Protein chains: 2
Amino acid sequence: MASLSETHDALTKRLTDTGLRATPQREVVFKVILEKRDHPTADEIFARVKAQMPTISLATVYNCLETLVQNGLVRQVNFDRAPTRYCPNLHEHAHFHDETTGAVHDIDVPAEVMVKLRELLPHGYDACAIELSFRGAAGVRRNFAQN
Amino acid sequence: MASLSETHDALTKRLTDTGLRATPQREVVFKVILEKRDHPTADEIFARVKAQMPTISLATVYNCLETLVQNGLVRQVNFDRAPTRYCPNLHEHAHFHDETTGAVHDIDVPAEVMVKLRELLPHGYDACAIELSFRGAAGVRRNFAQN
DNA sequence: CAGTTTGTTTAGAATTATTCTAATTCCTTC
DNA sequence: GAAGGAATTAGAATAATTCTAAACAAACTG
Ligand SMILES: [Mn+2]
Ligand SMILES: [Mn+2]
Ligand SMILES: [Zn+2]
Ligand SMILES: [Zn+2]
């Protein structure tokens, strides 16, 4: 996995390339999303960030998230009308929403499957994004380490 | 396609089976969704319904929609944080959200593709629903009939 | 039938995630 | 080290949806 300073540099570069600043707020928001690879909501991110930067405001968290999303550093995930979640996994992947625990799991999607999906579109339809999500229950819990 | 009285009967049967009533409000909400096979929002449905039943309230439209969805008579469709849309097409299908026009188009998904998607899930994951949606621009407009 | 229960509709208030506003603070550059 | 632009902040505003509580309607019950 990428080290902290690597991702820090990625953030700085990606932002400054667009004339934006790598502010402490943006850095800490980005960091907490990378740290725990669940799919937190803005509120959850706000809570985690406040632990490290007690003066940050919720508005700033929303602003930072918007910037990160627009610059392709995090992904935005929506399940019906629930609060938006944020995902640090930039690989092409789908989401499994476990209704019993509320957890969201990443599901790998091979490139060839993505190609197959794109082929479903009639001629002339050009998709700039494909979203695939599952809803259900994620399996028997065994006494093994989960994460 | 199914006739009006057919779908009317389907509504009545499906509802009364669950101890619910086929009220005029539920019937007219269902009817306007079937009539125009776009993917209207609750507000749009409210406007169309009011033309036939001027006294209906928005709360009732929401109530009726919830009932129809819960009883499998219409489908609910969400695109990120935009207002929920309602779809009368009960076949397994995906949605294409045309960002330039705002229109939503149904995309056929062969059963075998659905099977393939389900196979992406790790052992123990049980999906009760799979949602697939595309976002982009829907093709060159030619001078042919559209619908 | 009359009376009771149960389900439904309705207007308006409440909720809640998100966005907006306007003032302040922070950098960067001249 | 002023000026200008960018970013942050608190709090107000927004908007889709849900909730509340009262009125209404249909379905039972004896
Ligand atoms: Mn990788
Ligand atoms: Mn058919
Ligand atoms: Zn993810
Ligand atoms: Zn549809």
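Everything quoted here is computed from the prediction, not taken from an experiment. Here is how names work: the chains are called A, B, and so on, in the same order as the sequence lines, proteins then strands, and each is numbered from 1.
Counting to the nearest Å, the P atom of D/dA6 and the CD atom of A/E66 are 16 Å from each other. Between A/Q25 atom CD and C/dT24 atom P there is a gap of 18 Å when expressed in whole angstrom units. Rounded to a whole Å, the CG atom of A/D80 is 11 Å from the P atom of D/dT17. Spacing between atom CD of A/E27 and atom P of C/dC26 amounts to 16 Å, rounded to whole angstrom units. Rounded to an integer number of Å, the gap from B/F46 CZ to D/dT18 C1' is 16 Å. Remark: C1' of C/dT18 and CG of A/N63 are 11 Å apart, rounded to the nearest angstrom. Taking atom CG of residue B/L15 and atom P of nucleotide C/dG7, one finds them 14 Å apart after rounding to whole Å. Atoms CD (A/Q70) and C1' (D/dA7) sit 14 Å apart, rounded to a whole Å.
Among the atoms of the strands shown, only primed sugar atoms or phosphate atoms (P, OP1, OP2) are found under 4.0 Å from some heavy atom of B/T23. Residue A/T55 is in sugar-phosphate contact alone, with no base atom involved, counting any heavy-atom pair closer than 4.0 Å across all strands shown. Within 4.0 Å of A/T84, counting heavy atoms only, lie sugar-phosphate atoms of the nucleic acid but no base atom.
In terms of phosphate contacts, A/Y62 brings no side-chain nitrogen or oxygen within less than 4.0 Å of OP1 or OP2 of C/dT19. Dashed line: the shortest gap from a side-chain N or O of A/R81 to OP1 or OP2 of C/dA17 is not under 4.0 Å. Contact annotation: B/R26 side-chain N/O to C/dT8 OP1/OP2 distance is under 4.0 Å. OP1 or OP2 of C/dT10 lies within a sub-4.0 Å distance of a side-chain N or O belonging to B/T60.
B/D106 and B/H91 form no side-chain donor-acceptor contact under 3.5 Å, judged by distance and modelled atom types alone.
Which of C/dT10, C/dA17, D/dT8 sits closest to the side chain of A/D43 comes down to C/dA17.
Residues B/M114 and B/K116 form no side-chain contact, since every pair of their non-hydrogen atoms from C-beta on lies 4.5 Å or further apart.
Side chain of B/T101 to main chain of B/A103: a donor-acceptor pair is present (N/O by atom type, distance under 3.5 Å, no hydrogens or angles).
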- Item | Trace of the ring-ring contact (aromatic ring centres under 6.0 Å, His included) decision for B/H105 with A/Y125 | CA-CA 10 Å; B/H105 304 279; A/Y125 283 58; 5.6 Å; yes

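Position along DNA chain C of the nearest nucleotide to A/A42 versus B/L20 favours B/L20 as the more 5'-ward residue. Nearest-nucleotide assignment on DNA chain D puts the 5′-proximal partner with B/P83, out of B/P83 and B/R21.
In this structure, B/F79 and B/H97 have parallel ring planes: the angle between them is below the 30° cut-off, well short of the 60° mark.
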